[in-house]
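The block underneath contains the structure these notes are about, expressed in structure tokens.
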2 protein chains.
Amino acid sequence: METDDAGRLRPRERIIKTARELFRRHGMRGIGVDAIAEQAGTNKMTLYRHFGSKDDLIVACLRDVAAENDQIWIDLETAYPGDPLAQLHAWLRVGAECAVGDSRGCDMANAAVELAEADHPARHVIEEFKTAHRNRLAKLCRDAGIVKADLLADSLWLLLEGARVSGQSVGATGPGAHLISIGEAMIAAFARRTPPERKAPKRAAVSA
Amino acid sequence: METDDAGRLRPRERIIKTARELFRRHGMRGIGVDAIAEQAGTNKMTLYRHFGSKDDLIVACLRDVAAENDQIWIDLETAYPGDPLAQLHAWLRVGAECAVGDSRGCDMANAAVELAEADHPARHVIEEFKTAHRNRLAKLCRDAGIVKADLLADSLWLLLEGARVSGQSVGATGPGAHLISIGEAMIAAFARRTPPERKAPKRAAVSA
DNA sequence: ATATAATGTTACAGACCGGTAACACCCAGT
DNA sequence: ACTGGGTGTTACCGGTCTGTAACATTATAT
């Protein structure tokens with residue numbers, strides 16, 4: 001009795017899609033492969049034909065998450081082509097949506113918390129993803145003409161990570177509610193001192 | 001064959017102490033009550049005489065964590081009596097220690113991630129603790145003469161939460177490595193603009 | 001139409017888990 | 001010395017979990 005997905009996609013895709021949702025809702029240790037397979041409208045045997053183990057499925061899901069998040073950067077570029085500062089502000093808004101609109105935060109960070117074993121195969125996927133994401137954000141800050149680009153990137157990064165994890169403790173009305181205004185103020189503070197040879201790009205400045 | 005704790009403390013304390021350590025190392029869903037009891041130098045039966053269920057034990061452990069963290073505020077006050085600004089800086093340093101020195105972040109936040117069920121008995125302990133801590137930090141900022149105290153408190157809060165969760169994804173060399181410098185800059189930025197009717201509090205005025 | 005691959009079904013193995021029962025023990029307080 | 005509460009020991013229950021075996025069924029490609 002599948003509750004999820006019409007038979008449109010092939011089993012493998014349905015399983016990943018369903019597993020991601022159930023992992024997110026119940027935690028990776030809080031849901032079994034049997035429940036995932038059933039919810040995906042298939043069965044455990046087929047699941048194990050596509051994914052050698054539950055850990056393999058977890059890794060596949062995290063790769064799926066990574067691919068989905070990589071798309072965000074493309075969307076930002078197409079939304080504000082050639083305007084890295086606007087992309088930076090948009091990045092903040094997208095992050096804030098995830099932090100306040102959803103009560104389960106970041107799948108990658110959650111996986112890092114839940115999969116405590118240092119040698120779990122998912123860990124290097126997580127680390128790779130987070131590092132790449134951080135580097136991309138730093139590049140965006142650099143392209144936006146921020147002087148201390150790395151420092152701004154790390155600041156915004158910590159704010160976003162904090163907002164997403166805080167939402168899971170105290171909900172959306174907690175400190176994460178002010179993520180955007182805090183982040184905007186931070187961008188403004190870093191953009192204030194621009195390199196002398198470049199014009200200061202005027203853009204929304206929100207008071208702290 | 002107990003590996004932990006000499007028989008000094010009574011079983012209940014040993015169990016909580018050991019459970020906290022193992023929960024932290026393996027995650028709450030990654031360790032069983034049997035292993036906890038054995039590591040604590042006792043057995044499952046005694047564990048269940050003191051804690052009616054594993055969830056009860058989890059709650060007891062989180063209360064223990066809360067009590068331990070409440071002590072931090074007392075220590076800050078005794079270390080810098082009547083100097084809330086110094087206490088604020090010290091708070092940041094203490095938080096940074098936890099964020100970079102330890103690879104498992106905040107027990108409370110981790111529990112919130114791991115115990116996904118919305119009605120888990122531990123959730124209200126977590127929320128209560130996080131809210132109280134946030135309020136205390138806001139009060140500290142207020143006492144330090146910060147104008148937008150709540151906003152600074154939330155900013156620092158997000159930074160710390162972010163650093164602690166980030167450390168579990170990319171380790172101590174990630175963005176969390178700059179927590180202190182970022183936080184210091186933020187405190188400085190907020191302290192710069194002082195209330196006009198009030199003199200710049202070089203010696204911060206303490207209000208009850 | 002037929003060969004071939006993918007999927008479904010059922011049953012099961014083996015391990016672990018949370019939780020309990022029954023009984024033996026030990027040690028403090030009187 | 002005795003009594004009683006806390007503790008240790010062992011065995012067990014029922015459930016759930018990951019993972020597999022064997023076989024039936026369906027879809028696909030040629």
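Note that this is a predicted model, so its numbers are computed, not measured. First the proteins, then the strands, lettered A, B, ... as listed; each starts at 1.
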Discussion item. From CG of A:N43 over to P of C:dC12, roughly how many Å is that when rounded to an integer?
Written reply: 17 Å
Discussion item. Between B:R24 (side chain only) and B:G105 (backbone N and O only), is there a donor and an acceptor less than 3.5 Å apart?
Written reply: yes
Discussion item. Output the rounded distance in Å from NE2 (B:H26) to P (C:dC16).
Written reply: 14 Å
Worksheet item: Could you give the CD-to-C1' distance, from B:E38 to D:dT9, as a whole number of Å?
Response: 13 Å
Worksheet item: Is any side-chain N or O of A:T42 closer than 4.0 Å to OP1 or OP2 of C:dG8?
Response: yes
Item to complete: Flag the pair A:V33 / A:F51 as yes when at least one side-chain heavy-atom distance between them is below 4.5 Å, and no otherwise.
Response: no
Fill in: Atom-to-atom span, OH of A:Y48 to P of D:dA22 - whole angstrom
18 Å
Worksheet item: Taking atom C1' of D:dG15 as reference, at what distance in whole Å does atom CG of A:D34 sit?
Response: 13 Å
Item to complete: Using a 4.5 Å cut-off on heavy atoms from C-beta on, say whether the side chain of B:R14 contacts that of B:K17.
Response: no
Worksheet item: Does OP1 or OP2 of C:dT7 have a side-chain N or O of A:H50 closer than 4.0 Å?
Response: yes
Practice prompt. Sugar-phosphate atoms are those with a prime plus P, OP1 and OP2; base atoms are the rest. Using that split, label each nucleotide of nucleotides 23-30 of chain D B, S or - for protein heavy atoms under 4.0 Å, 5' to 3'.
Written response: --------
Worksheet item: For A:C61, does its backbone N or O pair with a side-chain atom of A:R20 as donor and acceptor, under 3.5 Å?
Response: no
Item to complete: Sorted by first residue and then second, give each ring-ring contact (aromatic ring centres under 6.0 Å, His included) pair with at least one member in residues 133-179 of chain B; sequence neighbours left out.
Response: B:W73-B:H133, B:F129-B:H133, B:H133-B:W157
Worksheet entry | A:K44 NZ to D:dA21 C1', straight-line distance once rounded to whole Å | 12 Å
Item to complete: Measure from CZ on A:R12 to P on C:dT7 and round the result to the nearest Å.
Response: 11 Å
Worksheet entry | A:Q168-A:N110 side chain donor-acceptor pair, cut-off 3.5 Å | yes
Worksheet item: In whole angstrom, what separates A:M45's CE from D:dG19's C1'?
Response: 8 Å
Worksheet item: Taking the side chain as C-beta and beyond, is there a heavy-atom pair between A:E161 and B:E161 under 4.5 Å?
Response: no
Fill in: Closest nucleotide among C:dT9, C:dG8, D:dT7 to the A:T46 side chain
C:dG8
Worksheet, complete the sentence: Considering only heavy side-chain atoms of A:R14, the closest of C:dG8, D:dT20, C:dT20 is C:dG8
Worksheet item: Do any of residues 51-65 of chain A sit with a heavy atom less than 4.0 Å from DNA chain C, and if so which?
Response: none
Worksheet entry | Taking every non-hydrogen atom, the tightest pair across A:A86 and A:Y80 | CB-CD2, 3.6 Å
Discussion item. Strictly distance-based, threshold 3.5 Å: is any side-chain N or O of A:R29 a donor or acceptor partner for the main-chain N or O of A:E114?
Written reply: yes
